[in-house]
Every structure is written in C-alpha cells, then in structure tokens.
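Note that the structure is a prediction, hence the values are computed from the model and not measured.
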Amino acid sequence: KSSTSNIPMCGGQKCLLSQSYSEGSSWKAYKVTDKLWIGGLTPFLVPGAQKWSIDYPFACQTSEAGLFKSQLADGIMGLSNSEDTLMPLLEKKGLTNNRLFALCFRTGGGVITLGGVDQRIHTPSILGIQYAKLARTSNWYTLNLLDLALEDQITGIQNSIARPPTGAAIFNMGKGVIIDS
C-alpha cells in the first residue's frame with residue numbers, strides 16, 4: 001500500500017524470483033522497489049529522511065517451504081556484494097563512502113553497523129575488530145581461510161579446528177570460504 005512502491009515488469013509480467021537453500025527451505029516471490037531509510041519506522045521519525053533514502057529492491061514472497069514456514073523471523077535480508085543490495089546502494093547514493101558492515105550476534109539480539117564498525121559496542125580485545133580482504137570479486141564474500149579457532153569462554157583457550165596446511169586448504173577449494181550470515 002506504499003505510495004512510493006514500484007513493481008518492475010519483466011516481459012509484461014511481474015519479475016519473479018526464487019531461492020532454495022541447502023537444508024531444504026525455499027521461497028518464491030516477485031520483485032518490488034520502494035524507499036528505504038535506516039533509523040525509523042516512518043520518514044517522520046528520521047529528520048531529512050527523503051534525502052537519506054535509497055530505492056531498495058526486495059521480494060514479496062508468494063510461497064514458502066521448509067524452515068520459512070516455522071521460523072520466528074519475519075523475512076531475510078541478503079547482504080551480498082551484488083550491486084543491487086544494501087551496502088552497494090548506500091555507497092552509490094553517497095550515504096556511506098564504503099561497503100563495510102559489521103554483524104554482531106549475541107544472546108537476546110545483536111547489532112548491525114553500516115559503513116564500518118563501532119568498536120564501542122564490541123567486547124574489548126587486544127586487536128579489536130579485524131577485516132579480511134576478499135579473496136575474489138564476486139557476489140559472495142569469499143575469504144582465504146588460514147585457520148579457524150574456537151575459544152572456550154571459561155578458560156580462554158583457543159582450539160584450532162582447521163589448522164594449516166591441510167585443514168584450511170580443504171575449505172579454500174572450489175568456491176572457497178563464503179562468509180554468510
């Protein structure tokens with residue numbers, strides 16, 4: 001019912017989209033574009049919202065299967081490196097000067113930071129938040145994995161589960177290591 005929404009057409013019909021996931025969930029949808037701004041439920045809650053908005057494409061689902069039928073979440077947001085996703089669109093409009101974002105998951109919720117990292121909201125560490133260079137240019141966030149370690153929250157001892165040279169090499173084969181939230 002948005003007065004600013006637009007339903008693009010493909011060959012005289014709504015543009016159709018679908019996605020299937022490895023655990024068996026899937027959805028079908030049609031494409032819609034509407035104004036998106038970060039920070040409030042309506043433009044009146046964000047001073048100057050119109051100049052901060054972007055034309056954002058998304059999918060209106062027409063069918064769901066698997067976990068999409070039973071999960072508590074109300075939709076998903078893909079943060080790929082594709083030109084029509086959130087960070088490239090914010091950068092293109094000049095609302096941020098980069099495509100950086102940070103996701104912090106924690107019990108009871110989390111935080112997403114757009115345009116960089118706010119070190120104040122993360123658990124202090126010697127190194128702080130670190131970045132990894134992308135291994136290749138694609139729509140995925142692909143990294144070269146050197147090692148993967150889990151830290152015991154009680155003892156602080158780190159245990160490597162992909163120690164080089166064999167462990168990490170296996171993960172970097174094919175499409176490589178894809179970071180996906």
field: Contact list for residues 7-31, test salt bridge (charged side-chain N to carboxylate O under 4.0 Å, His left out), sequence neighbours left out
entry: none

How long is the straight-line distance from [atom2] of [Y] back to [atom1] of [X], given to the nearest 0.5 Å?
{"X": "Q19", "Y": "S26", "atom1": "CD", "atom2": "OG", "result": "9.5 Å"}
{"X": "S63", "Y": "F68", "atom1": "OG", "atom2": "CZ", "result": "11.0 Å"}
{"X": "Y56", "Y": "D84", "atom1": "OH", "atom2": "CG", "result": "8.5 Å"}
{"X": "E83", "Y": "R99", "atom1": "CD", "atom2": "CZ", "result": "4.0 Å"}
{"X": "L17", "Y": "Q61", "atom1": "CG", "atom2": "CD", "result": "10.5 Å"}
{"X": "L90", "Y": "W52", "atom1": "CG", "atom2": "CH2", "result": "10.5 Å"}

Any side-chain heavy-atom pair of [X] and [Y] under 4.5 Å:
{"X": "I54", "Y": "L86", "answer": "yes"}
{"X": "L134", "Y": "W140", "answer": "no"}
{"X": "L89", "Y": "L36", "answer": "no"}
{"X": "T96", "Y": "L114", "answer": "no"}

- request: Of all the heavy-atom pairs spanning S82 and P88, show the shortest one and how long it is.
  value: O-CG, 3.2 Å

message: Parallel, tilted or perpendicular, judged at 30° and 60°: which one describes the rings of Y141 and F101?
response: perpendicular

task: Using the side-chain hydrogen bond (donor to acceptor under 3.5 Å, both in side chains) rule, pick out the option among S2, S5, S53 that qualifies with D34.
output: S2

- prompt: Is the backbone of D55 close enough, under 3.5 Å, to the side chain of T33 for a donor and an acceptor to pair up by distance?
  reply: no

Side-chain donor/acceptor of S25 to backbone N/O of L67, under 3.5 Å: yes

task: Determine whether Y30 and M9 fall in the same hydrophobic cluster, where Ile, Leu, Val, Met, Phe, Trp and Tyr are linked whenever their side-chain heavy atoms lie under 4.5 Å apart.
output: no

- prompt: Counting heavy atoms not belonging to K92, are there more than 12 under 6.0 Å from its NZ?
  reply: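 Result for NZ/K92: open.
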
